Amino acid sequence: TSFVKKFRRATQSRASSNGGSGSSQGHYFLVPGATVATLLMLGVLHARRMYDDKKVEEAREKGIESEFQPDIKATYLQLLPLRSISRCWGYLTSMEIPVWLRPHVYRAWARAFHTNLEEVALPLDGYATLQEFFVRTLKEGCRPLDPDPQCLVSPVDGTILRFGEIKGAGAMIEQVKGFSYSVSSLLGASSYLPMVAAVDTDGETGEPENSSRENSKRSWWRVSLASPKFWDPMSACPMKGLFYCVIYLKPGDYHRIHSPADWNIVIRRHFSGHLFPVNERAARTIRNLYIENERVVLEGLWPEGFMAIAAIGATNIGSIKLSIEPELQTNRQRGKLLQAEPPEERLYEPEGVGMTVKKGDEVASFNMG
Amino acid sequence: STVVLIFQAPVKNKDSSSEFKFCIQRGDKIRVGEALGRWQDS
């Protein structure tokens, strides 16, 4: 407002010195006019987006599945420097907010993204930056664990997008109707995922153990590039009893990841990929969204067998911090142009046992930018 | 941001009578610590 007032004063004084000509009157409306037009355009785009999302929501309530619709805009997203945008966003949100302004900013955030402020651990003015507020902890007892010992609990606050059993050749997970991605692409080709050869789909022998162990010995490069025909995950099937669940975290949700069970984390993989947005619209329009984006995969064993968590970053929430490995840095600026880098791996000690975490223990968190 | 959880869980076969079942629906809002699924000896 002060800028506009100053600008008006400047243009008025210039207009008076020019004798109040018509052209200066035109300049007078130029900035406010452009601002109003931009705001109007953004408003219309936002309204259209909300209308589209509402239609999708209504369709889902009627049982109609949203289908994959390749979008030209999604293709152009690849041209944007999303990593730089993400890092810039991280820089902005790590700026300290004046104490008096903090409650207003966080209340506005909560109103926009439906955050429950009653369960926030600290008073609002205790969070110096928006980033700190975003990765807030909760008051003691806000997330009680289900007492049933024979249950698997949710690792995050969020919305269930997909779940089910992984079956069939290639062990595919459906992104949306009409488009799927393979679990081995998500977790990495050297995953310990229990697979069996396609010809032995109903087999209950020791074969899967051998094959998964053999796969784990091969590096990502050797499997995917140097010898693509040597081991083809697409020709293998998952063992019976392999399930998946995809949970989407909205910006207002609590963004820390907890262990869904007593679990031994044996290996961590960090895939440095793109940073596309991961909202529902993006899932409908960007092919291979979850296997293109930067992610951290934790893999290990729980009493019932294999378990893995893939934490997938996005443009606004680009970095993932591991409580069990604080030195891991994600969303780093990259000099290389090559996108398809092999994942960086770390085996946790002691070898073969890994790091033990209890049900409900915090294992990671998503950070802004 | 998104989290994908992949896990093995009990299924009915000749050695075991317990079976894992999800107790969620698509579109459900879930919170940390709430059950995703359970298995029980049938």
Side-chain angles (χ1 to χ4, degrees), chain A residues 57 60-61 143-146 148 150-166 173 183 186-187 193-194 204 239-249 254-258 260-261 278 290 293 302 304-314 316-317 320 360 366, chain B:
Chain A
E57 191 70 33
R60 194 201 284 150
E61 278 168 15
R143 294 288 181 274
L145 289 181
D146 192 299
D148 184 357
Q150 291 189 312
C151 86
L152 191 71
V153 299
S154 175
V156 287
D157 278 16
T159 308
I160 305 290
L161 291 187
R162 303 244 153 204
F163 67 91
E165 190 172 355
I166 304 170
I173 294 179
V183 180
L186 178 78
L187 302 181
L193 195 70
E204 291 163 16
M239 275 180 77
K240 271 186 175 177
L242 193 65
F243 298 88
Y244 74 95
C245 183
V246 185
I247 306 172
Y248 171 63
L249 289 80
Y254 168 63
H255 264 76
R256 287 176 186 254
I257 305 171
H258 294 253
V278 291
Y290 302 125
N293 266 17
W302 72 306
E304 305 302 326
F306 174 87
M307 179 178 275
I309 288 183
I312 303 162
N316 54 346
I317 299 127
I320 299 143
F366 288 104
Chain B
S1 35
T2 307
V3 163
V4 184
L5 179 65
I6 293 158
F7 57 95
Q8 266 184 302
V11 279
K12 253 185 199 166
N13 58 31
K14 60 186 178 190
D15 301 323
S16 163
S17 59
S18 64
E19 191 176 20
F20 178 82
K21 291 244 168 79
F22 281 103
C23 52
I24 46 172
Q25 293 294 321
R26 272 185 64 192
D28 277 359
K29 294 208 187 308
I30 196 158
R31 305 204 299 178
V32 172
E34 290 176 353
L36 282 175
R38 301 175 196 278
W39 64 100
Q40 270 156 8
D41 293 328
S42 53

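Here is how names work: the chains are called A, B, and so on, in the same order as the sequence lines, proteins then strands, and each is numbered from 1. These values consider heavy atoms only, across backbone and side chains, with no hydrogens, waters or symmetry-generated copies. Worth saying up front: this structure is predicted, and the values here are computed from it rather than measured.
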statement: Residue from A:Cys245, A:Ala261, A:Pro260 scoring the most non-hydrogen pairs under 4.5 Å with chain B is A:Cys245

message: Quick check on the interface: out of A:Ile166, A:Asn316, A:Thr159, who has the most heavy-atom pairs with chain B under 4.5 Å?
response: A:Thr159

message: Holding to side chain to side chain donor-acceptor pair (under 3.5 Å), I want the full list of residues that pass it with A:Asp148, two or more places apart in sequence or in another chain.
response: B:Arg38

statement: Whatever's closer than 4.5 Å to a heavy atom in chain B on A:Leu187 counts as side chain

- line: Given the options A:Asn293, A:Ile317, A:Leu249, A:Val278, B:Thr2 meets side-chain contact (heavy atoms from CB on, under 4.5 Å) only with A:Val278

task: Flag the pair A:Leu152 / A:Glu304 as yes when at least one side-chain heavy-atom distance between them is below 4.5 Å, and no otherwise.
output: no

query: Any donor and acceptor pair, going by atom type alone, linking the side chain of B:Gln8 with main-chain N or O of A:Phe306 inside 3.5 Å?
result: yes

Residues that A:Arg162 engages under side chain to side chain donor-acceptor pair (under 3.5 Å), provided they are two or more places apart: A:Glu65, A:Glu174

- line: Cut-off 4.5 Å, heavy atoms of chain B, and the answer for A:Tyr248 is both

Per-residue contact mode, A:Pro144 against chain B (heavy atom under 4.5 angstrom): backbone

message: So for B:Val32, is it side chain, backbone, both, or neither that comes closer than 4.5 Å to the heavy atoms of chain A?
response: both

- line: Checked A:Ala314, A:Gly305, A:Gly360, A:Ala308 vs chain B; the most non-hydrogen pairs under 4.5 Å come from A:Ala308

query: Looking only at atom types and distance, does a side-chain atom of B:Glu34 sit under 3.5 Å from a main-chain N or O of A:Asp146, one as donor and one as acceptor?
result: no

- line: Scored by heavy-atom pairs under 4.5 Å with chain A, the best of B:Asp28, B:Ile30, B:Val11 is B:Ile30

